[in-house]
Amino acid sequence: MRKTAELAVPCGIVLLLVYAVVKKVNIYKAFVEGAGQALPELVSILPSLAAMLAAISVLRGSGALDILTRALAPALAKAGIDSELAPLLILRPFSGSASLAMLRDTMLVCGADSATGRAASVMVGSTETIFYTMAVYFGAAGVNKTRHALPAALISGAVGAAVGILLIRIM
């Protein structure tokens with residue numbers, strides 16, 4: 001099974017190339033044209049991405065993340081959630097790279113095979129970078145009012161994290 005998974009992407013690329021040759025498509029020209037068409041979209045979402053990255057930097061650099069972590073610790077303890085998971089719970093909706101860095105730190109401190117390490121891994125895998133994703137997609141589409149999308153996404157993220165932690169406890 002693992003070999004099949006490892007071969008999926010290379011086989012897909014080869015099939016795409018064979019299809020392009022059969023259809024007599026200039027692959028390089030098509031790639032360059034597609035990249036050129038993507039540039040205006042990139043320019044339109046850059047302000048949203050820059051704002052999101054700045055907010056994450058301020059959150060971490062100002063010490064607000066530590067304050068939020070300490071504030072959440074008692075509630076998390078009552079829910080049976082290790083306080084080591086608090087920074088990950090806070091950062092995951094904002095940034096994938098920041099949450100992966102926090103996941104790495106959790107693994108180093110608690111161990112990959114610990115209940116906390118496994119819970120952190122499942123949380124990262126079962127939740128989404130909500131604010132980042134909304135900034136990119138709504139920014140690209142020019143949507144200014146998210147209406148019910150944000151509350152629904154936050155609820156689904158909380159449910160994903162809670163179910164992930166619960167499943168780790170059961171297993």
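Only a predicted model underlies this, so the values are computations on that prediction, with no experimental measurement involved. One is the number of the first residue; the rest follow in order along the sequence.
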Q.
Is it the case that atom CG in Asp113 sees more than 12 heavy atoms from other parts of the structure closer than 6.0 Å?
A. no

(Q) If you count every heavy atom of other residues, nucleotides or ligands that lies below 6.0 Å from Tyr132 atom OH, does the total exceed 12? (A) no

Q) Do you reckon Ile27 sits in the same ILVMFWY cluster as Ile13, going by side-chain contacts under 4.5 Å, direct or chained? A) yes

Does the side chain of [X] reach to within under 4.5 Å of the side chain of [Y], using non-hydrogen atoms?
X: Tyr28; Y: Asn26; result: yes
X: Arg104; Y: Leu108; result: yes
X: Met107; Y: Ser121; result: yes
X: Ile90; Y: Leu65; result: yes
X: Leu76; Y: Leu89; result: yes
X: Ile130; Y: Phe94; result: no
X: Val163; Y: Ser126; result: no
X: Leu100; Y: Leu103; result: yes

Enter the distance from [X]:[atom1] to [Y]:[atom2] here, rounded to the nearest 0.5 Å.
X: Glu128; Y: Ser99; atom1: CD; atom2: OG; answer: 9.5 Å
X: Leu154; Y: Thr127; atom1: CG; atom2: OG1; answer: 11.5 Å
X: Thr146; Y: Met134; atom1: OG1; atom2: CE; answer: 4.0 Å
X: Glu84; Y: Asp105; atom1: CD; atom2: CG; answer: 9.5 Å

Q: Return yes if some donor-acceptor pair links the side-chain N/O of Arg92 with the main-chain N/O of Val124 below 3.5 Å, else return no.
A: yes

Q | Sidechain-backbone polar pair: Asp82 side chain, Leu85 backbone, donor-acceptor under 3.5 Å | A | no

Q) Under 3.5 Å, is there a donor-acceptor pair linking the side chains of Ser114 and Thr116? A) no

Q: Please report the closest heavy-atom contact between Thr69 and Ser83, naming both atoms and the distance.
A: CG2-O, 4.4 Å

Q | Where Thr106 and Ala120 come nearest, the two heavy atoms and their spacing | A | CG2-CB, 4.0 Å

Q | Passing candidate, side chain to side chain contact (heavy atoms under 4.5 Å, CB included) with Met102, options Pro87, Ser95, Ser97 | A | Pro87

Q. Is there a side-chain contact (heavy atoms from CB on, under 4.5 Å) between Leu150 and Phe131 once you walk through the steps?
A. CA-CA 8 Å; Leu150 181 59; Phe131 292 101; 3.5 Å; yes

